[in-house]
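Worksheet: the structure to be examined is printed underneath.
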Amino acid sequence: MATVESTNGLPKIEIYSTLTRAKAPLVTVKPGHVGMYLCGPTVYKPSHIGHMVGPVIFDTVKRYLVYSGWQVTWVVNVTDVDDKIIAESAVRGTTMAKLAEEMTADYLENLATLGVTSIDEMPKATDHIGTIITFIEGLIAKGSAYASDGDVYFDVTRDADYGKLTNRSVESTQGEGGSTADRKRSAADFALWKKAKAGEPAWESPWGPGRPGWHIECSAMSKAILGPHFDIHGGGLDLVFPHHENEIAQSESLHDCPMATFWMHNGLMQAAGAAGKVGGRPRGVEDAADDAATQAATKISKSTGAEPFKKLLERHRPEAIRVLLLSTHYRSPIHFGEEPLGESARAMEAFERLFARFQRVSGKAFYTLPCRDRRAGDAAVAAAGDEVKALREKFLAAMDDDFNTAIAIASLFDYVRVVNKFIDQHGLEAKKPAAELATLDAMMLMLRELTGVLGLFLEPPQKAAGADEGLVAKLMELVIEIRANARKSKDFATADLVRNKLTEAGIVLEDRPDGTGWSKK
RNA sequence: GGCUCCGUAGCCAAGUGGCUAAGGCAGCGGAUUGCAAAUCCGCCAUCGUCGGUUCGACUCCGACCGGAGCCUCCA
């Protein structure tokens, strides 16, 4: 076995933390259990592809940890009270709660299509107002926060190591202080509680009616569900400062213990060929004071607004999107666009052709094979042969090393080749020797195990099926039979005409030793 | 300006102080096929530029050029 056993009998998995800028073995607060928190969306608009990156990555992290033997509790919060939600609900003439509910549903549907189904809890900020108020009171009692004219602010000068996540000093973070500067002791202080303006949603508090600041939600809710010190805190790289820096300041000031052992940050989605992250704000005029080159660059970035994810799904299969997200290392930016998605989709088809081939040979549907866990896989791997064993070890070693899904996927492409070669060499499409069939089964079970870890191919591809599906199948059967007769009598002109016309119509014929198959392109 | 990070083949993208620098897409040659498709085999990079450290660097250090994120409650 290539994997190293750690003291508690679980595999050794190394994770990079933004806080230490280094990888360290996963050692959990509670042995055998991982508490993982991901900063979720502010639900004011339909989600776009950029919102899917973190969830897909952390879903994969969770799948891999569970596969490897940990118990995992994964929390993704929903910010359902916020300036933007208030503004957008006003525009739409609806309530904040209604809009938030609607957009949360949209978010969840989109996640489900991508196979992100492993979130355990999704706390809403508005369900945790009491928790948040208690948290703020604790900070005030410790002298880390102060009330000011109905607002409450965190006092960064009382936090000796403020800025440790992003290597910033308090001085260097002092901007203008924003519109509330006159209520703050120092410009870098940030709001824990915001006094309600007239007509805004508000909750009663010791400081008067108001609502929570953004940063405090995550500190309070992660504590409520995962405890003051948990294992993995995740989010996009754009949240490192100020959001996560402030979470650390709040939680560690109150609890005097680390908030999270590992701070994992995913790279941001960028539109291929354009500057700027997907969904980012266009860079404004304030940047134009720079040189001409910068101006040229900012011009392009104006087009980075992202379409709703559902629109994207009209053009691309979720499987291709998931693979694209996982084929880049999670800490790197992802180049996203029609072209990369198309390539990703084409690459996926090699897997699906193999699944179809497997079904022809063995009569078994790949999608119904059981996804084993790592221990069971360890026990079963010998039956699949040395090549498979080596590729599985490569896969596991890559995932153990900070979830290197890019290498893991690469090993799966090698895997497909190995299995195809096996079928070729033993002529399994024509004859079916029991011993080789058993080996093939073992190989495919292993592929099922590994693709399942990445959350891939869990469901059969969605057929663009209509009521005509059965009719088309019958017609194709007929066409293929007629063409087969033509081929038998060496009437290749007719046979080729049929095939070419079908190709034009988007149907691909494959003449195999045991007959002709067809598929829609 | 400050703080992070990146620059690998036509495109995308892993990776390592020293054996043949993953994988995908595209392309080329071959096997197979009546011809194709699919499949298999083979080919296709010296790692932004310039210096330095080292027996040896693409991998470490420095400078420069180019790109990205954050410093503005954006995943």
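- The minimum heavy-atom distance linking A:Gly54 with A:Asn266 is given by the pair CA-OD1, 3.6 Å.
- Atom C1' of nucleotide B:rA13 and atom CG of A:Leu326 are separated by 13 Å, given to the nearest angstrom.
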*Between protein and nucleotides 4-12 of chain B, map the contacts as a letter string: B base, S sugar-phosphate only, - none, heavy atoms under 4.0 Å, written 5' to 3'.*
SS------S
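- No contact: A:Asn246 has no heavy atom under 4.0 Å from any strand.
- The aromatic rings of A:Tyr64 and A:Phe403 lie perpendicular to each other, with more than 60° between the two planes, well past the 30° mark.
- Spacing between atom CE of A:Met264 and atom P of B:rA75 amounts to 19 Å, rounded to whole angstrom units.
- Here B:rC70 sits opposite B:rG2 as a Watson-Crick or G-U wobble pair (both hydrogen-bonding atom distances under 3.5 Å).
- The aromatic rings of A:Phe241 and A:Tyr162 sit perpendicular, their planes meeting at an angle over 60°, well past the 30° parallel limit.
- With sequence neighbours excluded, the residues satisfying side-chain hydrogen bond (donor to acceptor under 3.5 Å, both in side chains) with A:His265 are A:Thr18, A:His244.
- Electrostatic pairing of A:Asp414 and A:Arg417 counts as a salt bridge here, judged by a charged N lying under 4.0 Å from a carboxylate O.
- Looking at residues two or more places apart in sequence or on another chain, you find no side-chain hydrogen bond (donor to acceptor under 3.5 Å, both in side chains) involving A:Ser148.
- Nucleotide B:rC47: unpaired (no Watson-Crick or G-U wobble partner with both distances less than 3.5 Å).
- The gap from the P atom of B:rC60 to that of B:rG67 amounts to 23 Å, rounded to the nearest Å.
- At a threshold of 4.0 angstrom between heavy atoms, the contacts of A:Gly54 with the nucleic acid are absent.
- Applying the 5.5 angstrom centroid cut-off and the 30 degree plane-angle cut-off, the aromatic ring of A:Phe492 is stacked upon the base of B:rG34.
- Summarising the geometry, the separation between CG on A:Asp511 and P on B:rA38 is reported as 13 Å, rounded to the nearest angstrom.
- Spacing of P atoms, B:rA63 relative to B:rG2, comes out at 12 Å, to the nearest Å.
- Here A:Lys394 lies in heavy-atom contact (under 4.0 Å) with sugar-phosphate atoms only.
- At the heavy-atom level, A:Thr42 lies under 4.0 Å from the strands shown only through sugar-phosphate atoms.
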*asked:* Please determine whether side-chain hydrogen bond (donor to acceptor under 3.5 Å, both in side chains) holds for the pair A:Ser47 and A:Asp106, giving the CA-CA distance in whole Å, both sets of side-chain angles, and the decisive distance to 0.1 Å.
replied: CA-CA 7 Å; A:Ser47 39; A:Asp106 172 78; 3.1 Å; yes
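- Annotation: B:rU54 and B:rC41 have their C1' atoms spaced 41 Å apart (nearest Å).
- Pairing for B:rA22 is absent, judged as Watson-Crick or G-U wobble with the two contacts each under 3.5 Å.
- Phosphate proximity of B:rC25 to A:Ser344: absent, as no side-chain N or O sits under 4.0 Å from OP1 or OP2.
- Residue contacts shown for A:Gly163 are absent, as no nucleic acid heavy atom lies under 4.0 Å away.
- Counted by atom type alone, A:His316 and A:Glu338 present one or more donor-acceptor pairs between their side chains at under 3.5 Å.
- In this structure B:rU59 sits in no base pair that meets the Watson-Crick or G-U test at under 3.5 Å.
- Nucleotides B:rC50 and B:rC65 are separated by 15 Å at their P atoms, to the nearest Å.
- For the P atoms, the distance from B:rA31 to B:rA13 is 36 Å, rounded to whole Å.
- In terms of position along RNA chain B, the nucleotide closest to A:Arg346 lies nearer the 5' end than the nucleotide closest to the other residue of the pair A:Arg346 and A:His51.
- Side-chain atoms of A:Glu109 and A:Phe309, non-hydrogen and from C-beta on, never get closer than 4.5 Å to each other.
- Residue A:Ala406 is in base contact, counting any heavy-atom pair closer than 4.0 Å across all strands shown.
- Using a 4.0 Å heavy-atom distance criterion, A:His215 is classed as making no nucleic acid contact.
- Side chain of A:Arg168, nearest nucleotide from B:rA75, B:rC70, B:rA37: B:rC70.
- Side-chain atoms of A:Asn500 and A:Thr503 form no donor-acceptor pair, as typed in the model, at a separation below 3.5 Å.
- Using a 4.5 Å heavy-atom cutoff, the side chains of A:Met259 and A:Ser219 are in contact.
- Within the nucleic acid shown, A:Ile409 has no heavy atom closer than 4.0 Å to any nucleic acid atom.
- Applying the salt bridge (charged side-chain N to carboxylate O under 4.0 Å, His left out) test to A:Glu436 and every residue at least two apart in sequence or in another chain returns nothing.
- Remark: A:Asp496, A:Arg499 in residues 496-504 of chain A come within less than 4.0 Å of RNA chain B through at least one heavy atom.
- At whole-Å resolution of the value, NE2 in A:His244 and P in B:rC71 are 13 Å apart.
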*Could you check A:Asp189 against A:Ser186 for side-chain hydrogen bond (donor to acceptor under 3.5 Å, both in side chains), going step by step and ending with a plain yes or no?*
CA-CA 6 Å; A:Asp189 290 351; A:Ser186 44; 3.0 Å; yes
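- Here B:rC70 presents its P atom at 18 Å from CH2 of A:Trp263, a figure rounded to the nearest Å.
- One C1' atom belongs to B:rC58, the other to B:rA45, and the distance between them is 11 Å to the nearest Å.
- Counting non-hydrogen atoms under 4.0 angstrom, A:Val240 reaches nothing in the nucleic acid.
- Between A:Arg487 and A:Met269, the residue anchored nearer the 5' end of RNA chain B, judged by the nucleotide with its closest heavy atom, is A:Arg487.
- The aromatic rings of A:Phe154 and A:Phe190 sit parallel, their planes meeting at an angle under 30°, below the 60° perpendicular limit.
- B:rA37 is unpaired under the Watson-Crick or G-U wobble criterion, no partner having all donor-acceptor distances under 3.5 Å.
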Identify each atom pair where a protein N or O and an N or O of nucleotides 39-41 of chain B are less than 3.5 Å apart, giving names and distance.
residue : atom : partner  : partner atom : Å
B:rU39  : OP1  : A:Arg353 : NE           : 3.3
B:rU39  : OP1  : A:Arg353 : NH2          : 3.1
B:rU39  : O3'  : A:Asn420 : ND2          : 3.3
B:rU39  : O2'  : A:Asp424 : OD1          : 3.4
B:rU39  : O2'  : A:Asp424 : OD2          : 2.4
B:rC40  : O4'  : A:Asp424 : OD2          : 3.3
B:rC41  : OP1  : A:Lys421 : NZ           : 3.0

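- When the C1' atom is compared between B:rC40 and B:rU53, the two are found 47 Å apart, to the nearest whole Å.
- Here B:rG23 presents its P atom at 18 Å from CE of A:Met348, a figure rounded to the nearest Å.
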*Could you walk me through whether A:Arg483 and A:Asp511 pass the salt bridge (Lys or Arg N to Asp or Glu O under 4.0 Å) check?*
CA-CA 11 Å; A:Arg483 177 169 169 273; A:Asp511 294 324; 2.9 Å; yes
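- Between A:Glu217 atom CD and B:rA75 atom P the separation is 11 Å, expressed in whole Å.
- Taking the side chain of A:Phe241 as heavy atoms from C-beta on, and the options B:rA75, B:rG24, B:rC70, the nearest nucleotide is B:rC70.
- Atom P of B:rC12 sits at a distance of 27 Å from the matching atom of B:rG18, rounded to the whole Å.
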